[in-house]
Number of protein chains: 2
Amino acid sequence: MTTVLIADDQPLQRFGFRMLLESQDDMTVLGEAANGAEAVRMTAELHPDVVLMDIRMPGLDGIEATRRIVATGDRTRVLILTTFDLDEYAYAGLRAGASGFLIKDAQPEELLSGIRSVATGDAVVAPSLTRRLLDAYAHRLPTTTPAPARSGTPLPDPRLASLTDREREILTVIGKGWTNTEIATRLHLAESTVKTHVGRILAKTGSRDRIQAVILAYDTRLVEPS
Amino acid sequence: MTTVLIADDQPLQRFGFRMLLESQDDMTVLGEAANGAEAVRMTAELHPDVVLMDIRMPGLDGIEATRRIVATGDRTRVLILTTFDLDEYAYAGLRAGASGFLIKDAQPEELLSGIRSVATGDAVVAPSLTRRLLDAYAHRLPTTTPAPARSGTPLPDPRLASLTDREREILTVIGKGWTNTEIATRLHLAESTVKTHVGRILAKTGSRDRIQAVILAYDTRLVEPS
DNA sequence: GCCACCGTAGTACCGGGGTACCACGGCCCT
DNA sequence: AGGGCCGTGGTACCCCGGTACTACGGTGGC
C-alpha cells in the first residue's frame with residue numbers, strides 16, 4: 001500500500017487527485033496540504049511514502065517545501081507536479097531533491113505509474129522534459145555551447161542570443177499572451193520583477209513593446225502556432 | 001437528472017470534475033471534450049443540460065466554443081470555468097452567451113450549486129466578480145449577433161468568420177504589430193475609427209486585448225511567421 | 001577576496017490601449 | 001420608404017504596459 005500526501009493550493013485540484021488515487025486499491029491518501037508549510041508539517045507527522053507536490057503555492061512554495069522534506073532524511077519521496085513545463089522549475093525541483101517531475105497535463109495513468117515508480121525508489125520525469133533535462137546536465141560541466149541543435153529541436157536564433165535563460169522563459173510566456181499580472185501569479189514573482197524582466201527583454205531584442213516581442217517569439221519559433 | 005459535458009484540455013482536471021459530478025446522484029457526465037471544437041461537436045450530438053467550459057484550450061477556445069453552442073439555439077447552457085478572475089474573460093464569456101462564470105479556485109460545493117443553478121435556467125457568477133460585472137453591464141444589453149458574413153473572400157478560419165472584410169484587414173495589421181496610430185496614418189483613418197474597429201474585433205473574437213489578437217492572427221495563419 | 005552578472009523587488013510617472021457611448025452617411029435589402 | 005449592417009468619426013475615462021531609476025542577495029569567475 002502506497003501512502004500519499006497531496007500538497008496543492010487549489011481545493012478542486014486536490015479533490016481530483018484524491019479521487020484518482022483512492023480509485024486505486026494500492027494507494028491511500030493520508031492527507032491534504034494547501035501550502036508548503038503545511039506540507040512539511042504533515043509530512044513530518046504522517047510519513048507518507050510519496051508527497052504529490054505542486055510548485056505554485058502561497059507562502060512556502062513547492063520547491064522550498066521539497067528541500068526541507070528531503071533535508072529531514074525521511075524516506076518520503078517527493079513527486080513534483082506543475083502546470084507548465086518550464087525548464088527552470090524542473091531544474092530547481094530536482095536540485096531540491098525531488099524524485100520526480102510531472103506535468104499536470106498528463107494522463108491519469110501516467111500520474112499513477114509515476115507515483116508507483118517514485119514510491120519504489122525510481123525517479124520519473126515528464127517525457128517532454130527528459131531530453132532538455134539531459135541536454136542541460138550534459139553541458140553542466142563545460143561552458144561550451146552544446147552542439148548546434150539538430151533538426152526537431154528549436155534552433156537558437158541570434159536575436160535571442162543575448163537573453164538569459166530566465167528572460168527566454170519570460171519571453172515564451174509573453175508569446176503565449178500572458179499579461180504581466182498572470183506571469184507574476186503563475187511564476188510566483190512580484191509584478192515589478194516581471195516588469196524588470198520584460199523591460200530588459202524589450203531592450204535586448206530591440207522590440208518597442210510586448211507585441212513586437214510576441215511576434216519575435218513566433219518568428220523565432222520560440223512559440224509555435226497552434 | 002442534470003446531464004453535463006466537460007470541456008477542458010487537462011485530462012486530470014476533467015477527471016476531477018467527472019468524479020465530483022458523479023459523486024452526486026442528480027448528475028451525469030455525458031462526455032469529455034479536450035478542446036473547443038470537440039465541445040461544439042459533442043454538444044450537438046449529446047445535448048447536455050450544461051457544458052462545463054474551460055477558456056484556455058488549444059485550437060478553438062472556450063469563448064468561441066460557447067458562442068457557437070449558444071448560436072445553435074439549443075437549450076444547452078454553458079458554465080465557464082477559469083483559473084483567474086479576470087474581468088475580461090468574464091465579459092467575453094458572457095458576451096459569448098455563457099450562463100455562468102466561475103473560478104476554478106472555488107470550493108467543490110460552489111461548483112455543484114453553480115451547475116444546478118445554470119441547469120434550471122439561472123445565471124451564476126463568481127462572487128468576486130459579481131459587483132464589477134453588474135456595474136459594467138448595467139447599461140448594456142446582450143447582443144445576439146447571427147452575423148450574415150457573406151464570404152466574398154475565402155475565409156481561412158472559422159474563428160474569423162464573424163469578422164467583416166475590413167475587420168479582417170485590420171486584424172492582419174494588428175498581427176503585424178502596428179499600433180493604432182500607425183494603422184490610422186497608413187490606412188488613412190482617424191485613430192478613433194481604428195479603436196472602434198479594434199474593439200469590435202476583440203469582442204467578436206473573444207480576445208481580451210490586441211496581444212491575443214496577434215496570437216490569433218498567427219494561429220489562424222492570417223499572418224505568417226517570417 | 002573581489003567584481004560582474006543575474007534574478008529579485010521597489011517607486012514614480014506617463015502614454016497608449018481599450019471601453020463605453022454616441023453619431024452619421026451609404027449601402028443593400030425588403 | 002424604412003430597416004440593418006458597415007465603415008467612418010468623436011469624446012471621455014481608466015488601467016495596464018513600459019520606462020527610469022534604485023537596490024540587494026547569491027553565484028561564479030578570476
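Throughout, protein chains are lettered first and strands after them, A, B, ... in sequence-line order, and every chain is numbered starting at 1.
- Between B/E191 and B/K195 there is no salt bridge, since no side-chain N of the basic residue sits under 4.0 Å from a carboxylate O of the acidic one.
- Each end of the helix from C/dG1-D/dC30 to C/dT30-D/dA1 yields a helix axis from five base pairs, and these two axes differ in direction by 50° (to the nearest 10 degrees).
- Between the C1' atom of C/dC27 and the CG atom of B/D165 lies a distance of 14 Å, rounded to the nearest Å.
- Taking CD1 of B/I211 as the start and CD1 of B/I174 as the end, the distance is 11.5 Å to the nearest 0.5 Å.
- Rounded to a whole Å, the CG atom of A/D209 is 15 Å from the C1' atom of C/dC14.
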| note | The contact string for nucleotides 8-15 of chain D, one letter per nucleotide 5' to 3', using protein heavy atoms under 4.0 Å with B, S and - for base, sugar-phosphate only and none, comes out as BBBB----
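- With B/D54 as the partner, the side-chain contact (heavy atoms from CB on, under 4.5 Å) test is satisfied by one option alone out of B/N35, B/I80, B/D9: B/D9.
- Applying the salt bridge (charged side-chain N to carboxylate O under 4.0 Å, His left out) test to residues at least two apart or on different chains, the pairs with a partner in residues 200-217 of chain A are A/E167-A/K204, A/R208-B/E182.
- Residue pairs satisfying the ring pair (Phe, Tyr, Trp, His ring centres under 6.0 Å) criterion with at least one member in residues 193-214 of chain A, sequence neighbours excluded, are absent.
- With sequence neighbours left out, the salt bridge (Lys or Arg N to Asp or Glu O under 4.0 Å) criterion links A/E224 to no other residue.
- Separating the CD atom of A/E64 from the P atom of D/dG26 is a distance of 13 Å, rounded to the nearest angstrom.
- Protein atom CG of A/N180 is 11 Å distant from nucleotide atom P of D/dT19, rounded to whole Å.
- Listed by chain and number, the residues in a ring-ring contact (aromatic ring centres under 6.0 Å, His included) with A/Y218 are B/Y218 (sequence neighbours excluded).
- Residue B/W178 contributes atom CH2, which lies 18 Å from atom P of C/dG16 at whole-angstrom precision.
- Contact between the side-chain N/O atoms of A/R208 and the OP1/OP2 oxygens of D/dG18 is not found at any separation under 4.0 Å.
- The minimum heavy-atom distance between B/P225 and A/D219, with the atom names listed, is CA-OD1, 3.3 Å.
- Atom P of nucleotide C/dG16 and atom CD1 of B/I174 are separated by 17 Å, given to the nearest angstrom.
- Distance, A/R210 CZ to C/dG17 C1': 13 Å, rounded to whole Å.
- Protein atom CD of B/E167 is 13 Å distant from nucleotide atom P of D/dC5, rounded to whole Å.
- Put simply, the residue from A/R14, A/M42, A/Q13, A/M53 that forms a side-chain contact (heavy atoms from CB on, under 4.5 Å) with A/I6 is A/R14.
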